[in-house]
Amino acid sequence: MPSIDVNLLADLQARGLVAQMTGDDQLNTYLGEGSRTLYCGFDPTADSLHIGSLVPLLTLKRFQDAGHKPIALVGGATGLIGDPSFKAQERKLNTADVVESWVGKIKTQVSAFIEFDGCDNSAEVVNNLDWTVGMDVLTFLRDVGKHFSINNMINKESVKQRIDREGAGISFTEFTYMLLQSFDFAELYKRYDCSLQIGGSDQWGNIVGGVDLTKKMHGGKAFGLTLPLVTKSDGTKFGKTESGTIWLDAAKTSPYAFYQFWLNSADADTYKFLKYFTFLSVAEIDGIEEADRIAEGRPQGQRILAEAVTRLVHGDSGLEAAERITAALFSGALESLSESDLDQLKLDGLPATTLSRKELQGLSLTQVLVDAGMVSSGKQVKDALGRNAVLINSHPKGAEQNMDIDKCFPVSDAFYGRFYIVKLGKKKYHLFELGD
RNA sequence: GCAGGGGUUCCCGAGUGGCCAAAGGGAUCAGACUGUAAAUCUGACGCGCAAGCUUCGGUGGUUCGAAUCCACCCCCCUGCACCA
């Protein structure tokens with residue numbers, strides 16, 4: 001019998017991790033009385049989860065650490081349908097085999113965050129396709145559908161804009177999503193005595209649906225709890241950068257890029273993120289915030305955040321790689337890098353391109369940097385060139401050298417005869433390795 | 001199927017014959033200031049180093065000239081009808 005941390009809910013609240021919950025203090029009492037089973041669903045809408053999913057994922061772990069049993073549900077079924085909640089438009093359906101391949105990847109990812117060591121509250125990973133694929137429509141309509149009121153469903157905030165708004169609309173398929181998710185909860189209740197569902201605050205409608213259905217189908221007592229949507233102080237969308245989404249998959253977002261993402265958090269968000277994304281105690285985090293407030297200059301919060309989350313997602317080796325690159329590039333002493341350091345940077349995930357001098361002939365610098373993926377258009381390079389913001393092995397290049405590729409990559413400047421580090425703007429780096 | 005509304009550059013959204021590569025806002029990029037932060041200010045923001053080239057759902061047409069006008073087609077939304 002795992003020991004129960006009765007302060008779990010209070011801690012979650014102190015972290016700002018509770019958006020809404022059913023049953024108010026009933027849930028607190030319920031969680032304090034014994035080890036409970038809870039679940040959170042992750043739909044396979046891509047081949048990897050992104051950092052938005054980290055909040056519920058880590059919350060599952062927090063529950064496990066407090067003595068409860070977490071179930072990560074991968075939506076092999078729901079992923080075929082598409083959740084309409086707060087979506088402005090109907091989404092395109094993915095094919096069954098694509099979704100299936102994503103399910104596999106996401107199962108693996110999810111599994112990294114919770115413990116399966118065979119203890120009493122060891123985690124489970126399930127796929128809702130397992131109990132929906134064999135179900136026929138009539139059974140579904142009679143056993144599940146009958147418990148839902150359309151009147152109720154169309155009044156849900158989550159589909160309101162699709163019902164009201166001109167230019168949108170919702171298909172029966174997506175409208176039915178809620179029934180599927182609700183059925184998952186009821187099913188997990190039956191199979192695992194799962195009595196709590198957590199999820200992002202956009203899932204509130206679906207979660208409440210599941211709570212109700214569990215009651216109706218099995219007379220079970222079930223709870224729901226939602227986590228806040230992660231927002232940024234400046235109002236822009238969390239989890240995106242100019243180069244796109246921050247994924248958990250190292251092949252899609254390198255540990256270095258991942259680390260940099262967190263390091264670049266705004267002060268106004270950093271301490272909140274520490275509470276959301278790390279296991280540091282609230283007291284520790286408050287201490288860090290206070291220390292940063294008093295200290296002059298650069299705060300420590302971002303670094304602590306970046307280290308903690310990168311280690312959590314990419315492990316010690318991923319963190320080391322990220323820190324190695326960061327130290328090399330941002331110390332301003334590129335010349336001090338050894339040849340093996342440079343080779344290592346490539347392996348560590350610093351964006352890199354290999355080219356021969358022959359291939360470069362006739363190309364403009366703008367073209368080379370665009371091809372390497374540093375920028376999306378030559379205009380941006382031109383703009384940077386005009387402001388002395390392009391440095392190649394620490395030598396600034398100007399617009400007049402754009403067409404003279406040999407002056408951009410002079411043999412005499414190459415590190416160890418083959419490496420060039422191009423810096424564009426304040427923090428974009430790219431390694432070029434030139435052969436003959 | 002009928003009627004009405006609509007499809008503009010990443011997003012929102014102006015534009016209804018030339019002054020439109022297309023207002024404005026957001027996002028994004030770069031510079032200054034800083035702490036690889038925020039705020040602020042400046043510049044960029046279809047593609048191209050440039051000459052120039054390609055856009056406003058699609059295809060044709062009218063015109064010296066079209067995102068703007070006409071025809072047909074495709075897609076979305078709303079209502080009605082059909083299904084009964």
Side-chain angles (χ1 to χ4, degrees), chain A residues 87-92 161-171 174 231-246 256-274 288-289 291-307 310 322-323 325-334 350 360-371 373-391 396-408 421-430:
Chain A
K87 301 285 188 318
Q89 283 187 324
E90 183 87 10
R91 285 184 298 169
K92 177 173 125 256
Q161 62 170 326
R162 296 283 289 278
I163 306 275
D164 295 345
R165 189 187 161 189
E166 185 118 350
I170 182 167
S171 69
E174 284 197 6
T231 56
K232 290 205 293 176
S233 56
D234 63 5
T236 59
K237 199 168 170 155
F238 169 76
K240 300 266 186 192
T241 66
E242 75 278 5
S243 41
T245 305
I246 305 296
Y256 162 69
F258 189 86
Y259 178 88
Q260 285 287 323
F261 170 81
W262 296 103
L263 195 64
N264 278 293
S265 300
D267 291 2
D269 295 323
T270 300
Y271 310 98
K272 177 171 83 175
F273 288 175
L274 278 165
I288 295 165
E289 181 168 11
D292 281 345
R293 200 178 56 76
I294 296 167
E296 292 282 312
R298 191 189 203 148
Q300 295 302 303
Q302 280 88 340
R303 204 202 76 244
I304 296 169
L305 174 68
E307 276 177 16
T310 307
E323 289 186 320
I325 299 179
T326 297
L329 299 180
F330 290 90
S331 68
L334 296 181
L350 179 68
L360 280 181
Q361 290 314 308
L363 293 179
S364 57
L365 181 60
T366 42
Q367 189 63 51
V368 173
L369 300 192
V370 169
D371 289 349
M374 279 189 86
V375 283
S376 55
S377 86
K379 280 257 170 50
Q380 289 178 21
V381 180
K382 194 187 149 202
D383 182 49
L385 281 171
R387 294 157 180 274
N388 279 319
V390 179
L391 273 69
K397 302 297 167 187
E400 68 286 350
Q401 282 147 65
N402 184 35
M403 292 314 290
D404 193 343
I405 208 73
D406 289 327
K407 281 219 179 80
C408 290
I421 291 179
V422 177
K423 178 183 184 188
L424 193 152
K426 226 176 299 187
K427 35 190 158 175
K428 250 186 275 188
Y429 289 92
H430 195 99

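The sequence lines fix the lettering, A, B, ..., with proteins before strands; numbering per chain opens at 1. What you see is a predicted model, and the numbers here were worked out from it, not measured in a lab.
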Look only at the side chain of [X] and the backbone of [Y], and say whether a donor-acceptor pair between them is shorter than 3.5 Å.
X      : Y      : result
A/Y256 : A/I325 : no
A/K407 : A/E400 : no
A/N402 : A/T366 : yes

In Watson-Crick or G-U wobble terms, both distances under 3.5 Å, what is the partner of [N]?
N      : value
B/rU55 : none
B/rA81 : none
B/rA39 : none
B/rA44 : B/rU28
B/rC69 : B/rG61

Please name all residues satisfying side-chain contact (heavy atoms from CB on, under 4.5 Å) with [X], sequence neighbours left out, ordered by chain then number.
X      : value
A/K379 : A/S377
A/D267 : A/P299, A/Q302
A/K232 : A/D234, A/T236, A/F238, A/D269, A/F273

Closest to the 5' end of RNA chain B, once A/V375 and A/D383 are matched to their nearest nucleotides, is A/V375

Of A/T241 and A/P299, the one whose nearest nucleotide on RNA chain B sits closer to the 5' end is A/T241

Hey, does the side chain of A/R298 come within less than 4.0 Å of B/rA37's phosphate (OP1/OP2), counting only N and O?
no

Quantified in whole Å, what is the [atom1] atom distance between nucleotide [N] and nucleotide [M]?
N      : M      : atom1 : result
B/rC10 : B/rG46 : P     : 10 Å
B/rG18 : B/rG65 : P     : 14 Å
B/rA66 : B/rC77 : C1'   : 27 Å
B/rG5  : B/rA71 : P     : 14 Å
B/rC75 : B/rC29 : C1'   : 34 Å
B/rG48 : B/rA3  : C1'   : 48 Å

Students often get this wrong, so: under 4.0 angstrom with heavy atoms, is [X] touching a base, only sugar-phosphate, or nothing?
X      : value
A/A389 : sugar-phosphate
A/D234 : sugar-phosphate
A/S233 : nothing
A/K428 : sugar-phosphate

**Prompt:** Is there a donor N/O on one and an acceptor N/O on the other, under 3.5 Å, for the side chain of A/Q260 and the base of B/rU36?
**Reply:** yes

side-chain hydrogen bond (donor to acceptor under 3.5 Å, both in side chains) filter on A/E289, not counting sequence neighbours, yields none

A/L329 side chain reached by A/L334 side chain, heavy atoms, under 4.5 Å
yes

Is any side-chain heavy atom of A/Q260 closer than 4.5 Å to one of A/T241? no

Considering only nitrogen or oxygen atoms on both sides, find all protein atoms under 3.5 Å from nucleotides 6-9 of chain B and state each distance.
none

Of B/rU42, B/rU36, B/rU34, the nucleotide closest to the side chain of A/K426 is B/rU34

Ranking B/rC29, B/rG35, B/rA37 by distance to the side chain of A/Q302, first place goes to B/rG35

To the nearest 0.5 Å, atom SG of A/C408 lies from atom CG of A/L369 at 8.0 Å

With 3.5 Å as the limit, what N/O pairs link the protein to nucleotides 47-53 of chain B?
{"residue": "B/rG48", "atom": "OP1", "partner": "A/G378", "partner atom": "N", "Å": "3.4"}
{"residue": "B/rG48", "atom": "OP2", "partner": "A/G378", "partner atom": "N", "Å": "3.2"}
{"residue": "B/rG48", "atom": "N7", "partner": "A/K379", "partner atom": "NZ", "Å": "3.2"}
{"residue": "B/rC49", "atom": "OP1", "partner": "A/S364", "partner atom": "OG", "Å": "3.1"}
{"residue": "B/rC49", "atom": "OP1", "partner": "A/T366", "partner atom": "OG1", "Å": "2.6"}
{"residue": "B/rC49", "atom": "O4'", "partner": "A/N402", "partner atom": "ND2", "Å": "2.7"}
{"residue": "B/rA50", "atom": "OP1", "partner": "A/K382", "partner atom": "NZ", "Å": "3.0"}

